[in-house]
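Read the structure below first, then the notes.
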Amino acid sequence: MRRWAEFVLRHRKAVVAFWGLVLVAGILLAGRTTDRLTIDFSLPGQPGTVTAHRIERAFGSGGDTNPYLISVTLPAGQTITGHERDVGRAFTAAGTAVPGLRVIDEANTGDKAFRTKDDRTAYALVFYRFNPSPSQKLLTDPIRSAAQKAVPTGAAVGVTGEDVLASGGDNGGGPGVLGETLLGAVGALAVLAFVFASFLALLPLVVAAVSILATFVMLLPLTYATDVSFIVQFLVALIGLGVAIDYSLLFVTRWREERDHGRDNHDAVVVAMERAGHAVVFSGVTVAIGLLALVVLPVPFMRSMGYGGALIPLASVLTTLTLTPAILGGVGPKVDWPKIRHEDRASRFWSRWTAAVVRRRWIAAATALAALFALTGVFLGIKIGLASSESLAKSGPAYESLQTLERGGVPTGALTPMEVLVRTDQARTAAARLAGIDGVSSVLLPSGPAGNRAGQSIVVVIPDHETVNSQSVGVVKRVKTAADGLPGVIGVAGIGAAQIDFMHAVYGNFPLMLTIIALLTYVLLVRAFRSLLLPLKAVLLNLISLAATLGVMVIFWQDGHGSDAVFGIAATGAITFWIPLMVFAFLFGLSMDYEVFILSRIREEYDTGRSTDAAVIEGLGRTGRLVTSAALILFLAFAALASGPGTDLKTLATGLGIGILLDATIVRMLLVPSLVSLFGPWNWHLPGWAARLLRVPPSYPHPEAVKPRAQQPMS
């Protein structure tokens, strides 16, 4: 690290010029990168996806999309009876709104299940072709407009569905990626201004801007090699903002400390690289490990988030270890003005806090563990699935349309129908058998091209309730089981079938993913801390912290104790199936950042000859404000992400934000110091055989001359 620092300082103008070119390239290419991102939640090789693709090839629509529900409500005093042809013409017109639509209604099924109990409203299912482009707009407006031109005078047309409700009925919403990034940056600047109390607060933001745009540049070639999920753009912009600022904050704080200890600017940069730069490298690799572990999952969109997400810490480490020292080596002292805050001594508050924790280590550890285990117990009640329709929207045309249908006795299962692909000669037999399954409201067998093409037919199964979580999906399992034993049945598709496939493909491989992450992280941290015990504690605490975070998400979102008050969103009833994995992959690495920051400094202080407790007090005194500030910056970035459209994005953002705060407070400020103090000399054992394998010096505890209980706060 010293040689690298000297190299950067010798060529600092060239380094700044290089990153300037990257900045320009990022500005020019970021739009092209985002345009190439895709929306694709398919599961190749899984039965539901295979059937969905066969349906799409044969019928041109449906299979892996939830249909739109278009309704026609006649004026008071009029009924559907007697106006069947007029209403049928409206639904037919809706099917011509854009190419590839497929309409299933009373006209082609002969089933009066498409009417409400009062006979004033009729509805139809409109299946459409899946478009992987994130810029694809909802079809709400063209469908409504086409139907409106053909409805009887005075009739009202409504369009609803899972996708429409999830978007709030709009084709946009939220401030967008750029707006969210700016919101996060404003919050970060406020925290940095408090931390530095000088114009130096702007430096981490500059580094973060370059890092984010560099990530988009690196992401562009990846979009040509494989499909990359549109979610990655939000992660790059906002998690990239937080991570890059955190790393630069650590580096600049250490540089300031060395300057305040009397070193000249050159030496201060070199020492900051040796100490803080070393921690940044290990932190970045840890974050990357958590994300790259997603690659073992047989799901393309999860893999793409692993590939794309791993670029975030890579770019952050590169910019922090090159651009930050290059700027500090030139104009650092000049921009560190006005010099209000000094770093020549440890924080009095954090030193006193840590001393109190060390004195009451058993109480601190027991209290923190009790809180975490209580939340972990809540996590055991998690339901994996999708947000319920009640939580997707509470107002707007789509919500009102759904309310009209529900009041009329239409089951919410119409939002998530199953499509059973079967040979045409066996369609009626299959439909009759499936109609008797518990939890099925109705079975529809469309005539004509809407349900029959090339010797294949689609039997549409409407469940009693929308199949959006691990409990309500039971009817889908029963339908799949029954369909497997019926002659001529090719397969079952729909969102319920996709959930079952996802649980099997992803969570079935989760133990492998967890093992890979834990082992790689453990080995990496053994090398970083030169200890066998500290990394084990770090990994176990991270896993407990993650389980507790998911427990908070269950309380906040699944049970609705918070989501309604903060976002005006009712209890979701479940956590969207891909979100726990994303929370795990990101938080495992991000929260480990703070562990590395704190334990690296504690190890450094211990190596100077301090006792374990004295090293803990000084280490936390030096890093406490840094860690809480870094956590607050990341939390503000996630808060900005939560301002985006869609319940799923809000759920992911709040999960990450809550996890960061939980980890930076209960875990790092209570559990870490109390447990390190309790373990005492055992923290510092790295026997020779392990040291030789990892190519680092062995470590043994030195005699501690001062009794732990005699430790006083460092001033």
Side-chain angles (χ1 to χ4, degrees), residues 12 15-16 18-27 30 175-217 233-256 269 272 276-277 280 283-284 312-341 590 593 597 625-641 643 660:
R12 62 181 184 81
V15 169
V16 172
F18 169 78
W19 286 114
L21 292 174
V22 172
L23 181 66
V24 173
I27 294 172
V177 177
L178 178 59
E180 291 167 14
T181 307
L182 291 175
L183 285 175
V186 170
L189 180 59
V191 177
L192 292 170
F194 169 78
V195 172
F196 291 119
S198 79
F199 285 103
L200 203 60
L202 295 171
L203 177 55
L205 281 176
V206 172
V207 173
V210 175
S211 176
I212 290 169
L213 290 170
T215 307
F216 276 112
V217 172
Q233 65 183 318
F234 295 98
L235 305 180
V236 168
L238 290 157
I239 294 181
L241 175 74
V243 170
I245 288 177
D246 280 5
Y247 292 170
S248 185
L249 174 62
L250 176 66
F251 194 102
V252 175
T253 301
R254 188 56 187 259
W255 168 82
R256 254 190 151 197
V269 172
V280 165
S283 296
I312 297 172
L314 174 61
S316 298
V317 169
L318 288 175
T319 51
T320 299
L321 299 187
T322 54
L323 184 58
T324 305
I327 294 176
L328 290 176
V331 299
K334 295 179 182 178
V335 297
D336 193 11
W337 180 89
K339 184 82 171 173
I340 298 175
R341 191 185 295 279
L590 290 175
D593 276 355
F597 293 172
R625 187 174 72 239
L626 170 67
V627 167
T628 52
S629 299
L632 182 57
I633 288 170
L634 264 178
F635 176 81
L636 293 173
F638 296 140
L641 180 61
S643 68
I660 285 294

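One-based numbering along the sequence shown.
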Task: Phe251 versus Val269, closest heavy-atom pair with distance - done: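 The pair with the smallest heavy-atom distance is CZ-O, 4.0 Å.
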TODO: Measure across Ala188 and Leu636 and return the closest heavy-atom pair with its distance rounded to 0.1 Å.
DONE: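 Heavy atoms only, the tightest pair is N-CD1, 4.1 Å.
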Tell me, please, which residues at least two apart from [X] pass side-chain hydrogen bond (donor to acceptor under 3.5 Å, both in side chains).
X	result
Arg12	none
Thr322	Trp19
Arg256	Asp336

Task: Passing candidate, side-chain contact (heavy atoms from CB on, under 4.5 Å) with Leu213, options Ile27, Val24, Thr319 - done: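 Only one of Ile27, Val24, Thr319 forms a side-chain contact (heavy atoms from CB on, under 4.5 Å) with Leu213, namely Ile27.
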For residues [X] and [Y], determine if any side-chain heavy atom of one lies less than 4.5 Å from a side-chain heavy atom of the other.
X	Y	answer
Leu200	Trp255	yes
Ile239	Phe234	no
Tyr247	Leu321	no

Open item on the list: Ile212: which residues meet the side-chain contact (heavy atoms from CB on, under 4.5 Å) condition with it, sequence neighbours left out?
Closed with: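 Thr181, Phe216, Val236, Leu241.
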Open item on the list: Run the side-chain contact (heavy atoms from CB on, under 4.5 Å) test against Leu626 and tell me which residues pass, sequence neighbours left out.
Closed with: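 Listed in chain order: Leu249, Leu250, Thr253.
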Task: Donor-acceptor contact below 3.5 Å, side chain Ser248 vs main chain Ala244 - done: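 Not at all, since once roles are kept as given, no pair shorter than 3.5 Å links the two residues.
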TODO: Give a yes or no answer on whether the side chain of Ser643 reaches the backbone of Ala640 with a donor-acceptor pair at less than 3.5 Å.
DONE: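 Yes, the answer is positive, given that a donor and an acceptor are paired below the 3.5 Å cut-off.
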Distance-only donor-acceptor hits, side chain of residues 201-208, under 3.5 Å, sequence neighbours excluded:
none

